[in-house]
There are 2 protein chains.
Amino acid sequence: MLSKKAKYAIKTILFLQDHPELVPISAKAIADREHIPYKFLENILRDLKSHQLVKSIRGAEGGYALAKDPSQISIAQVMRAMDGPIALIPCISERFYESCAECEDEETCRIRRLFSEVRTEMVEILERPITTLAQEAKK
Amino acid sequence: MLSKKAKYAIKTILFLQDHPELVPISAKAIADREHIPYKFLENILRDLKSHQLVKSIRGAEGGYALAKDPSQISIAQVMRAMDGPIALIPCISERFYESCAECEDEETCRIRRLFSEVRTEMVEILERPITTLAQEAKK
DNA sequence: TATAATTCCTATCTTTTTTATAGGATTAAT
DNA sequence: ATTAATCCTATAAAAAAGATAGGAATTATA
């Protein structure tokens, strides 16, 4: 299941996308509007920033904005930044690969092969730019 | 990520499929061969049994066997028995549905719509009978 | 230049979930 | 009887998730 952290992060990214204003948006504003615990959100924003998904302006009147064009941001990027691998088993993850301790032969592992298919399908959908989400919602 | 419990369970099911012998297979034998902690495996087998995926014979010379034809068993069934929902968010789960506390309108929720697509694709693959896994491994 | 609003940072705490173990009751073959 | 199993309840240990605390640093603006 998606962690609350990732869900909060996705909501934050969508919120920033929905408010492409000239002034940055404060963590407090996001926390209030999206019902996210403020201090938890601070941590999330720090992670989003370190992964170059948002940028920040410090000081009074400071806040956050998307670090790149929404067309360049996907849910997959947010999920990876928050929770790590998208794959359900580590031995097929592209970015977080780990071999299974007991696995004798990855090439012929039936479990691996099945979850590899699952991962491919998941990534295909989750890599779509968040800008397409708005369109989907209108269908 | 897949829990160890689910992974152990899948290995157990595949092991039983690979050994369709006349005599039931003991938990000890499975634990030894698949490197699963024995007592943990006992719990897993109990869950698999309560979900009608394996059957057991008690007493000396007892053990476990698949409760139905392998063509009627899928990884999805095992995952649901062990970890619950396959969906990444509860509001689109068929069997474990829960509404999101804050969600204002599920119909237009962009997150929900996206993860609904993901779930559909995942289920499509995970519902395949485990008998097809053997074929896939030979490709 | 003081103040207030904000990000930034480190650390800690709490709760939940996951993983695993313990001990014994029950069953049935030999 | 003995032994090898399943079955059952309970608990413990470890890890992860979720959340909070306190304050340092930065910056607009009054």
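Numbered from 1 within each chain, the chains take letters A, B, ... in sequence-line order. Note that this is a predicted model, so its numbers are computed, not measured.
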>> Give the residues of residues 79-100 of chain A touching DNA chain C, defined as any heavy atom closer than 4.0 Å, sorted by residue number.
In response: none
>> Using a 4.0 Å cut-off on heavy atoms, which residues in residues 24-35 of chain B reach DNA chain C? List them by number, or say none.
In response: none
> For nucleotides 23-29 of chain C, read 5' to 3', which letter fits each nucleotide if B means a protein heavy atom sits under 4.0 Å from the base, S means only the sugar-phosphate is that close, and - means neither?
Replying inline: BB-BBBS
>> Taking ring-ring contact (aromatic ring centres under 6.0 Å, His included) as the definition, give me every residue that meets it alongside B/His51, ordered by chain and number, with sequence neighbours left out.
In response: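 With sequence neighbours excluded, B/His51 shows a ring-ring contact (aromatic ring centres under 6.0 Å, His included) to no residue whatsoever.
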> Between B/Tyr38 and D/dT6, does any side-chain N or O lie under 4.0 Å from OP1 or OP2?
Replying inline: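 True: B/Tyr38 side-chain N/O within range (under 4.0 Å) of D/dT6 OP1/OP2.
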> Does a nitrogen or oxygen in the side chain of B/Ser56 sit under 4.0 Å from OP1 or OP2 of D/dC7?
Replying inline: yes
Rounded to whole angstrom units, what separation is found between the [atom1] atom of [X] and the [atom2] atom of [N]?
X: B/Ile44; N: C/dT21; atom1: CD1; atom2: C1'; answer: 13 Å
X: B/Asp47; N: D/dC8; atom1: CG; atom2: P; answer: 12 Å
X: B/Asn43; N: D/dT6; atom1: CG; atom2: P; answer: 13 Å
X: B/Leu45; N: D/dC7; atom1: CG; atom2: P; answer: 9 Å

Which value, rounded to the nearest 0.5 Å, describes the distance between [X] atom [atom1] and [Y] atom [atom2]?
X: A/Ser116; Y: A/Ile111; atom1: OG; atom2: CD1; result: 13.5 Å
X: A/Arg128; Y: B/Glu117; atom1: CZ; atom2: CD; result: 4.5 Å
X: A/Leu114; Y: A/Leu88; atom1: CG; atom2: CG; result: 9.5 Å

> Contact class for A/Tyr64 (heavy atom, under 4.0 Å): base, sugar-phosphate, or nothing?
Replying inline: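 Sugar-phosphate contact only.
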> Among C/dT21, D/dG18, D/dT9, which nucleotide sits nearest the side chain of B/Phe40?
Replying inline: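 Within the option list, the nearest is C/dT21.
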> Looking at DNA chain D, which of residues 3-18 of chain A put a heavy atom within less than 4.0 Å of it?
Replying inline: A/Ser3, A/Lys4, A/Lys5, A/Tyr8
Pairs under 3.5 angstrom only: tabulate donor-acceptor contacts from the side chains of residues 33-44 of chain B to other protein residues two or more places apart or in another chain.
unit_1, atom_1, unit_2, atom_2, d
B/Tyr38, OH, B/Glu42, OE2, 2.9
B/Lys39, NZ, B/Glu42, OE1, 3.4

